[in-house]
Amino acid sequence: MNKLNQKSTLAEIYANPAGKDILHKICLQLNLPEKMIFEKSPAKKLTLDGLNKLTGGKFSEGFFEALLSILNTDAQDTKREAVLPKKEIPWWKTAVFYQIYPRSFCDADGDGIGDLKGIINKLDYLKDLGVDALWLSPVYDSPNDDNGYDIRDYKAVMQEFGTMEDMDELIRQLHERGMRLIMDLVINHTSDEHEWFQKALADENSPYRDYYFFQKSSEVPNNWSSFFEGSAWRYFEEQDIWGLHLFSKKQMDLNWDNPALRNDVIGMIRWWLEKGVDGFRMDVINYISKREGLPMGDETIGAMMEYTGIEHYFYGPHLHEYLHQVRTQAFEPFGAFSVGETPGIGMEMAKKLTGQGRRELDMLFNFDHLETPGHVRFDDYRYDLNYLKSYMTDWMEHYGPDCQMALFWDNHDNPRMISKIEPDPKWRVVLAKLLAMIQLTLKGTPFLFQGQEIGMINQNFTSPSQLRDIESWNLYEKLCRTMPAAEAFAKVAAGSRDHARTPMQWDNTAFGGFTQGKNPWIEGDGDYVNCNVEEQISDPDSVLWFHRELLQLRRQYPLFGTGKIKITNKERKNLFTYYRYDGKDVFYVECNLGRKPLYVGKRPKNMVHIMGNYADGGGQTLKAYETNLYRVSKK
Ligand code: NOJ
């Protein structure tokens, strides 16, 4: 294949798999009609040089260099593409995961902070719900600048959460119940209090110095921005040196180009696998390989993408190589499972990262469905489910038969999906069930986030003092410099990660039964009186039971995880319908994605209604957000 260069046209860039992903992402961000531009309009004939001229040199040369290098490197990387001989279906393809944010799940010792014993106390609940595996957000020793995503010691448990004995007990008890555990693996960065960093900072001749990115410079080394506001560089006055941190000032980026660092990380992963954990969710794992020399980021791209410098590390030059090493040296010997958190990675890149024969990741989280085109998390807007339909249709049809999607709506980094779609509480229950139906019947592996199974929604935060997240604080502080405090707060409250981090609502006693002791570290708005586990357990029409039934069905019919899918009515607004089938069974799912009644007419006689979100549903006209599942019997 000819190498792409400045004379290449946009159509040629779009024809390159990584190029397509990048242009797709830009179009999403700016809400531009991608196919129109790159396949039909005259703009497709523009060369990069031409684009540069047309935009008055808005893009830097460095950007084009980075872009071309990503595309050309990717196009050459075709090794390990062979598909492995088909073995039996791995467990995670038919599993349902449940993500726990340990700080907010259940507090057993009454200090107001969730803990491992609290999780152990709820294992029967989770087993009854029907989940197969848990993913725990980080429980390692940490000063908690970013709630555990800043690890001080990978081989110790955070004191507030308990002890290593508790951890062993959790693993034992999970396995006893036939369930599995994956941990959060935060290896793009460590806390500045990690021993490696401390040694590296203290002594410039320390072997750990090269475990991080340090630079001597009279000014900030480059213009990269931190995801938590400000520059990505922290100045250490005493040592007169700069250190790189893509996240908070206390989360220092690791230098993966150093083979000794990679070996240490691999050793640590193996240590946990020897303990019996079944795999890992790998935090921002696509950021681990940074472009050599850490070049300046393009300001135009930075403004478009909200963060400057991202083109130099979101799909870095050695990403595939490092993942392959970690996979073969740590994961494979234990048969361990991996799911990567990979912001910014599009479908073509995802195919490479999760392609079976390439041996890098089992699955990954793509985030492009969490906001509709042209929107970012902190925008206050109503999410249109028709976008979810088009996104899912695309991935279901094009990701490829060997690739398995990780299906999720909520996690600890996002406001609750129900609230984004429909803040009117009137629709809360039907909508929660509709979302459950889609998530649990599409092809892929669902990841439920704690509270989703009862339909938890955003909190009604009324003051900045209620927020706990460093990202929210920093953003609020920044916005207050340019707008009235009330406006700044409204913006932060629209997208704060804290919506997902308030205590799990177990019952209608104080603090929703999350703790019997001190006030929780973060308080909810009292919604536990409307929505809690205890009440839903005794109500067969509850959101909780809807989840339970779907999970039971998945267990009975593995085709929901691995069978085929055929999406119908693709062009019809608000109607999302599809068949799920294997050689033996066929199911049909129908969803009204809006509030307006939707006429669908009579269904064939061989469709038997199994479940839905209205007691009198399944008629010829679908009600607001109505969903139904049918079994299609042979005629
Ligand atoms: C992604 C995690 O999900 C998020 O919570 C965290 O703040 C960043 N990575 C940094 O580790």
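Read the numbers this way: they start at 1 and go in the same order the structure lists the ligands and their atoms.
Taking 4.5 Å as the limit, every side-chain heavy atom of Asn188 sits out of range of all side-chain heavy atoms of Ile285. Contact check for Val326 versus Ile266: side-chain heavy atoms found under the 4.5 Å cut-off. Within the 4.5 Å cutoff, the side chain of Leu467 has heavy atoms near those of the Phe489 side chain.
The heavy-atom pair separating Tyr140 from Trp272 by the smallest distance is CE2-NE1, 3.6 Å.
Both tests hold for Arg103 against Trp521: distance to the six-membered ring centre under 6.0 Å, angle to the ring axis within 45°.
Near Arg281, with a cut-off below 4.0 Å to any heavy atom, the atoms of ligand 1 are 2 (C), 3 (O). Atoms of ligand 1 found under 4.0 Å from any heavy atom of His189, numbered from 1 in the order shown, are 10 (C), 11 (O). Less than 4.0 angstrom separates some heavy atom of Arg497 from each of these atoms of ligand 1: 4 (C), 5 (O), 6 (C), 7 (O). Those atoms of ligand 1 that come under 4.0 Å of a heavy atom in Arg501, given as number and element, are 5 (O).
Among protein heavy atoms, the minimum distance from atom 3 (O) of ligand 1 is reached at Asp413 OD2, 2.4 Å. Protein heavy atom at the shortest distance from atom 11 (O) of ligand 1 is Asp283 OD2, 2.7 Å. The protein non-hydrogen atom at the shortest distance from atom 8 (C) of ligand 1 is Phe247 CE2, 3.7 Å. Protein heavy atom at the shortest distance from atom 6 (C) of ligand 1 is Asp146 OD2, 3.3 Å.
Counted within 6.0 Å of CD on Glu306, heavy atoms from surrounding residues, nucleotides or ligands total more than 12; the atom is thus considered enclosed. For Lys275, the NZ atom counts as densely surrounded, since its 6.0 Å shell holds more than 12 non-hydrogen atoms of other residues, nucleotides or ligands.
In Glu471, neither the side chain nor the backbone holds a heavy atom less than 4.0 Å from any atom of ligand 1. Residue contacts with ligand 1, taken as heavy atom pairs separated by less than 4.0 Å, involve Phe228 solely via side-chain atoms from C-beta onward.
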